[in-house]
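Here the structure is laid out as structure tokens; the discussion comes afterwards.
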Amino acid sequence: MERETELAEEKPRKGGLRTMPFIILNESFERIASYGLVMNMIIYLMTYYNMSAATGTSILALWAALSNGLAIVGAIVADSYCGRFKAVAFGSISTLIGMIILWLTAVIPQLKSLPCSQFQHVCNGTTTIQLAVLFSSFVFMSIGTGFVRPCSIIFGADQLGEKENHENQRVLDSYFNWYYASTGISTILAVTVIVYIQDRYGWKVGFGIPVILMFLSVSMFLIGSPLYVKVKAKENLLIGLLQAIVAVYRKRNTRLTLTDCDNYYHSPLESEILTPSNDFRCLNRACVIEDPRKDLNPDGSASNPWSLCSVEQVELLKALIRVLPMWSTGFMIFVALSQFSSVLQAKTMDRHIFPQLEIPAASFSVFMIIALTIWITFYDRVLVPLLSKYTGQPRGLSPVIRMGIGLIVTCMSMALSAITESIRRQCAIEEGHEDDPSALVNMSAMWLVPQYALLGVAEASHAVGQIEFFYSLLPKSMSSMASAMYTVGTAVSSLVVSILVSGVDWLSSTGGKTSWLSSNINRGHLDYYFWLLTFLSLLNFFYFLLICRLYEPDNDGSSRLSHEAEETQCDYTLLLES
């Protein structure tokens with residue numbers, strides 16, 4: 001017995017704070033590298049692949065949709081099959097491969113076409129091989145993002161023990177704060193330093209630096225491997241929801257009885273829910289036991305979980321359906337955030353702060369990040385204590401009101417974008433630059449800062465309010481779904497951007513007219529496009545007000561679509577997983 005105790009003491013303890021540098025540096029380097037590539041990519045596509053502004057924007061939107069959509073796949077694979085360590089390692093290596101391929105397109109002349117200016121504006125089209133190499137780099141990076149982003153922060157939390165331990169909870173809070181700080185710093189460095197290097201030293205160096213950073217990210221993560229706690233894969237919540245959906249479809253012809261009894265529905269012994277609720281009653285078919293001898297194993301478990309689900313799985317599916325209407329109101333704000341046209345605007349304007357200091361065109365989004373950070377800090381530290389005294393809400397304003405504020409501010413930002421672009425375009429025409437999209441207009445790019453600042457405030461208000469709203473309706477066991485739904489929302493919005501841009505470009509160019517989204521923004525009408533986004537954002541706000549009526553309390557005090565959650569406190573760190 002003493003010998004076993006000595007061996008246990010000699011066995012090195014894994015996890016703990018000593019693993020944090022490896023995990024945080026892995027994520028920090030990955031974000032600097034990834035975000036640094038994305039910000040200026042529209043310029044690279046238009047210059048070396050001879051794409052129009054509309055085509056480049058659509059491709060980048062599809063890339064973003066793929067990256068965010070694969071985050072759900074990465075989470076399922078990590079939780080159900082390979083574990084988070086292998087998922088993060090695989091994702092990091094995949095991202096590195098994608099960045100190396102993209103860097104090769106800048107280094108090897110045969111992998112891209114020459115700029116139009118070298119052929120007196122007569123452009124050679126890109127070949128299929130050139131596009132295949134480019135798109136393969138995007139796919140590798142999307143796969144990497146899909147595996148790293150949803151798993152990295154939770155993998156770090158795995159190293160610090162159980163959350164229920166109060167001592168560990170303080171360490172976890174400290175870890176999340178450091179993780180959040182490193183993410184913010186990494187994003188700012190990406191949109192400033194990396195973008196500046198690309199503008200100043202060219203694409204070979206500008207794409208080479210992210211490759212080096214990503215190599216360091218992979219190396220740091222793998223070096224710490226012997227120290228990590230590697231939690232084994234287990235059943236994933238999303239798999240359970242998919243099983244419930246499939247079971248409902250398979251049993252679509254099953255008749256439901258008018259009276260419910262415990263033995264009629266499948267409920268495991270450890271489950272506290274014995275009978276399903278009456279709302280969305282058609283979904284109850286998924287947990288109906290038709291023939292106990294065929295449907296159940298001797299131990300009481302379902303013989304085929306894709307044909308018979310537990311009552312708890314059905315109730316979780318219902319809880320998810322309850323939040324879908326409000327979730328759909330957030331698409332337009334992500335559409336507004338996903339515009340790359342502002343980079344083209346800034347490139348034609350005077351970007352000097354001082355005579356010797358010029359801000360890169362793709363770095364103006366840093367003002368959105370700064371505004372977002374300032375607003376969250378101001379609201380949390382100043383407004384919450386004041387508003388909570390008058391509203392009775394512990395968070396100052398209710399999540400729904402904050403979401404509404406975010407949608408209204410989005411409308412204001414798009415309207416301001418339209419006005420600013422109208423002024424910029426008029427200046428360009430008056431100065432004789434209508435046929436020269438690369439000419440500098442005598443107008444300061446600082447006019448773009450207010451619209452970026454408003455977008456930052458809109459995202460801060462809406463995103464935090466939306467996740468808190470999800471927490472108030474979803475059961476505690478589905479808390480991670482708040483982040484997952486936020487991620488899926490960005491993926492759907494990116495698809496909407498791609499469809500919207502392609503549609504507007506096609507419709508506005510019919511009859512030989514110049515497209516609103518022409519690569520020559522001095523001849524196009526970006527201002528019309530921004531007014532269209534303003535109108536759609538306003539329509540979305542009225543849709544939001546209509547959806548809010550579904551969640552108004554009835555006479556009995558309950559909401560029409562509400563579901564009492566086990567815990568309503570929002571974990572803001574879930575924003576980072578997106």
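All residue numbers in this chain count up from 1 along the given sequence.
Side-chain atoms of Ser67 and Ser142 include a donor-acceptor pair closer than 3.5 Å. Side-chain atoms of Lys251 and Asn284 form no donor-acceptor pair, as typed in the model, at a separation below 3.5 Å. Ser58 and Ser502 share a donor-acceptor pair across their side chains, judged by distance under 3.5 Å alone. Judged purely by distance below 3.5 Å, without hydrogens or angles, the side chains of Ser303 and Asp295 never pair a donor atom with an acceptor atom. No hydrogens or angles considered: a donor-acceptor pair under 3.5 Å links the side chains of Asn68 and Thr490.
Counting heavy atoms of neighbouring residues, nucleotides and ligands inside a 6.0 Å radius, atom CZ of Phe22 exceeds 12 of them. Atom CZ of Phe135 is surrounded by more than 12 heavy atoms from other residues, nucleotides or ligands within 6.0 Å. Around the NZ atom of Lys230, the shell of radius 6.0 Å holds more than 12 heavy atoms that belong to other residues, nucleotides or ligands.
In this structure a side-chain-to-backbone donor-acceptor pair under 3.5 Å is present from Trp63 to Phe138. Using modelled atom types, one side-chain atom of Thr19 and one backbone atom of Gly16 make a donor-acceptor pair closer than 3.5 Å. Using modelled atom types, no side-chain atom of Ser94 and backbone atom of Phe90 make a donor-acceptor pair closer than 3.5 Å. Here the side chain of Gln159 pairs no donor or acceptor atom with the backbone of Gly156 at under 3.5 angstrom.
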Just distance, no hydrogens or angles: give the donor-acceptor pairs under 3.5 Å from side chains in residues 458-466, sequence neighbours left out.
residue, atom, partner, partner atom, Å
Ser461, OG, Trp375, NE1, 3.2
Ser461, OG, Val457, O, 3.0

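Considering every non-hydrogen atom in both Ser186 and Arg31, the closest pair reads CB-CB, 4.1 Å. Contact detail for Leu283 and Lys318: the closest heavy-atom pair is CD1-CG, 3.8 Å. Residues Pro305 and Gln243 come closest through the heavy atom pair O-CB, 3.6 Å.
Side-chain contact check for Met414 versus Phe535: every heavy-atom pair is 4.5 Å or farther apart. With a 4.5 Å cut-off on side-chain heavy atoms, Val248 and Arg252 do not count as touching.
Ring geometry for Phe331 against Trp327 counts as perpendicular: the plane angle is over 60°, on a 0 to 90° scale with 30° as the lower cut.
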Kindly determine whether Met326 and Phe544 satisfy side chain to side chain contact (heavy atoms under 4.5 Å, CB included), including the steps that lead there.
CA-CA 7 Å; Met326 187 62 78; Phe544 166 79; 3.5 Å; yes

Side chain to side chain contact (heavy atoms under 4.5 Å, CB included) assessment of Phe221 paired with Phe85:
CA-CA 9 Å; Phe221 185 75; Phe85 169 75; 3.6 Å; yes

When you look at Phe155 and Tyr228, which way does the ring pair (Phe, Tyr, Trp, His ring centres under 6.0 Å) test go after all the steps?
CA-CA 9 Å; Phe155 180 72; Tyr228 297 145; 5.1 Å; yes

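Scanning for side chain to side chain donor-acceptor pair (under 3.5 Å) contacts around Asn540 gives an empty result, with sequence neighbours left out.
Rounded to the nearest 0.5 Å, atoms CG (Asn304) and CG (Asn297) are 10.0 Å apart.
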